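Order of appearance sets the numbers: ligands from 1, and atoms from 1 within every ligand. Keep in mind that what you see is a predicted model, and the values were worked out from it rather than measured. Heavy atoms only: backbone and side chains are in, while hydrogens, waters and symmetry mates are out.
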Amino acid sequence: MVHMATSILSDSSKFVFSAIREEDDFAEGLRRQGKQVVKLSSGDPALYYPTPKYIVDAYAQALTNGKTSYSRSQGVMELVDAITGRYKARYGIGITEEDVMVTSGVAEALTFLNSALLNPGDQAVILKPYYPQYPVAIQMFGGSYLAGDYDESNEWGIKLDALARLVRSRKASSKRIKYMLVTNPNNPTGTVLPRRALQEVVDLASEHRILLVSDEIYDEIVFSGAEFTSIGELAKGIPHVILNGASKAFDATGFRIGYVLIPEDDRASDELKHKITDYCRVRLSANTPAQYAIASAMGNSAEHERTVRKMIEAIEGIVDTAMKQLGENQYLSAVRPNGAFYIFPRIDMSSLDLKDDREFVHRLLEEKLVQTTRGSGFGAPSHLRIVALAPKELMGDCVQRINDFCKDHAK
Ligand code: PLP
């Protein structure tokens with residue numbers, strides 16, 4: 001047997017890690033001991049709300065119709081047309097067929113995008129707290145990230161002055177910023193950015209000629225009183241990329257359907273469009289029957305509106321109940337989310353006999369059988385991400401367990 005002196009792994013593979021799933025093995029072990037663990041760690045609506053029947057039926061129909069081969073790499077035309085129709089109808093944005101690339105979720109889109117854009121040493125601007133895949137995907141390809149901040153004391157709005165300073169600071173460095181990414185609505189804070197704040201980000205990107213990327217995967221999961229704006233409405237004439245998919249709004253996470261939109265036709269946008277198409281071709285195609293099912297779902301706006309509305313109303317009710325109960329907990333304080341399905345309280349670690357949010361999450365799982373995620377995994381230490389999707393009663397019971405856990409660990 002040949003022994004290797006050094007690791008067989010690449011240097012960049014050390015960045016590949018999922019904070020969201022890091023307690024999964026431990027939770028599985030508890031389940032094997034016969035314990036009932038409640039999973040409030042996965043942003044997966046289909047775990048609690050079965051994917052709507054009309055979408056499941058469309059998937060079955062696609063299989064029956066023999067849609068089982070590889071398909072057009074950038075996406076079947078039925079889905080591409082449904083996506084352009086969706087953005088036109090919802091946001092008034094004109095996107096042509098060549099601007100659309102269907103991927104296996106936004107997850108795959110992020111790896112394509114970072115691989116296509118980053119040379120070792122390049123930078124990307126993201127905002128904290130961030131979705132954990134962003135830094136992974138950036139660093140996987142030798143890039144590094146500059147992190148601006150969402151401001152917890154201002155309802156998690158963007159700290160624009162600080163962001164502008166951060167972008168300007170790169171002039172003092174030899175590194176090149178390749179893109180700036182915003183997530184709206186946000187995971188993990190549930191913030192829906194006001195149109196004005198988004199406009200400021202667009203202006204900043206335009207001033208510094210930085211490609212803007214907008215992850216709009218939660219675009220439809222918006223609570224009463226809040227309004228979502230697509231970056232495409234504001235960034236006309238400015239190079240930008242929109243990421244979206246079927247996972248959340250169509251409650252179809254396991255279908256693995258996402259898409260990249262590159263609406264502009266400047267040189268950078270054209271280059272990127274063609275290169276992402278090459279990435280799509282190299283990996284052959286996305287899931288074919290799932291594409292037909294989502295195309296059909298996007299074309300059935302009456303059924304879609306009915307089912308998504310029901311889900312959003314349920315989520316908002318769950319969030320309200322959980323927020324009320326969390327209000328009784330003096331060790332946690334949370335800004336009310338106005339979209340997505342996350343609650344992201346700050347933990348007053350100094351009042352608890354626990355070292356950090358990692359220990360908080362691990363012990364909460366061990367002692368109260370509730371699986372959550374540590375805020376430090378999102379770049380925000382001393383926070384806790386709770387997924388607000390479990391039915392009201394179960395959610396109420398879990399928040400009670402979280403409250404009891406904090407009392408058990410009060411100094
Ligand atoms: N982007 C954000 C902000 C997310 O929260 C998620 C999933 O939770 C994803 C992307 C991944 O989505 P997909 O299922 O399309 O890969």
Exercise for review: Determine, using ring centers only, whether Y342 and Y218 are less than 6.0 Å apart.
Suggested key: yes
Review point. Should S230 and I242 count as side-chain neighbours, where that means a heavy-atom distance under 4.5 Å?
Key: yes
Review point. With side chains defined as the heavy atoms from C-beta onward, is the minimum distance between V241 and V260 less than 4.5 Å?
Key: yes
Point to revise | Within-shell test, R256 vs ligand 1, heavy atom, strictly < 4.0 Å | key: yes
Study note, to complete from the structure: Quick note on ligand 1: atoms under 4.0 Å from a heavy atom of T183 include exactly 3 (C)
Study note, to complete from the structure: For S247, the atoms of ligand 1 under 4.0 Å from one of its heavy atoms are 13 (P), 14 (O), 15 (O)
Review point. At what distance is the nearest protein heavy atom to atom 1 (N) of ligand 1, and which residue and atom is it?
Key: D215 OD2, 2.6 Å
Point to revise | Y134 neighbourhood, listing ligand 1 atoms whose heavy-atom distance to it stays under 4.0 Å | key: 3 (C)
**Study point:** Sub-4.0 Å heavy-atom contact, Q133 with ligand 1
**Key:** no
Exercise for review: Compute the minimum heavy-atom distance from A107 to ligand 1 and say whether it is under 4.0 Å.
Suggested key: yes
**Study point:** Y131 and Y134 aromatic ring geometry - parallel, tilted or perpendicular at 30°/60° bounds
**Key:** perpendicular
Check your understanding: Short list, please: which atoms of ligand 1 are under 4.0 Å from a heavy atom of V106?
Key -> 10 (C), 12 (O), 13 (P), 15 (O), 16 (O)
Review point. Do F378 and H383 make the cut of ring centroids closer than 6.0 angstrom?
Key: no
Check your understanding: Which one holds for F341 and ligand 1: side chain close, backbone close, both close, or neither close, with close meaning a heavy atom under 4.0 Å?
Key -> neither
Point to revise | Closest protein heavy atom to atom 8 (O) of ligand 1, given as residue, atom name and distance to 0.1 Å | key: K248 NZ, 2.7 Å
Review point. For atom 11 (C) of ligand 1, what is the nearest protein heavy atom, given as residue, atom name and distance?
Key: Y131 OH, 3.6 Å
Exercise for review: Look at the side chain of R283 and the backbone N and O of C280, then say whether any donor-acceptor pair between them is shorter than 3.5 Å.
Suggested key: yes
Exercise for review: Measure up the Y59 and F255 rings against each other and bin them: parallel (under 30°), tilted (30 to 60°), perpendicular (over 60°).
Suggested key: perpendicular
Review point. Counting N and O atoms only, with roles assigned by atom type, does the side chain of T307 sit under 3.5 Å from a partner on the main chain of H304, one being a donor and the other an acceptor?
Key: yes
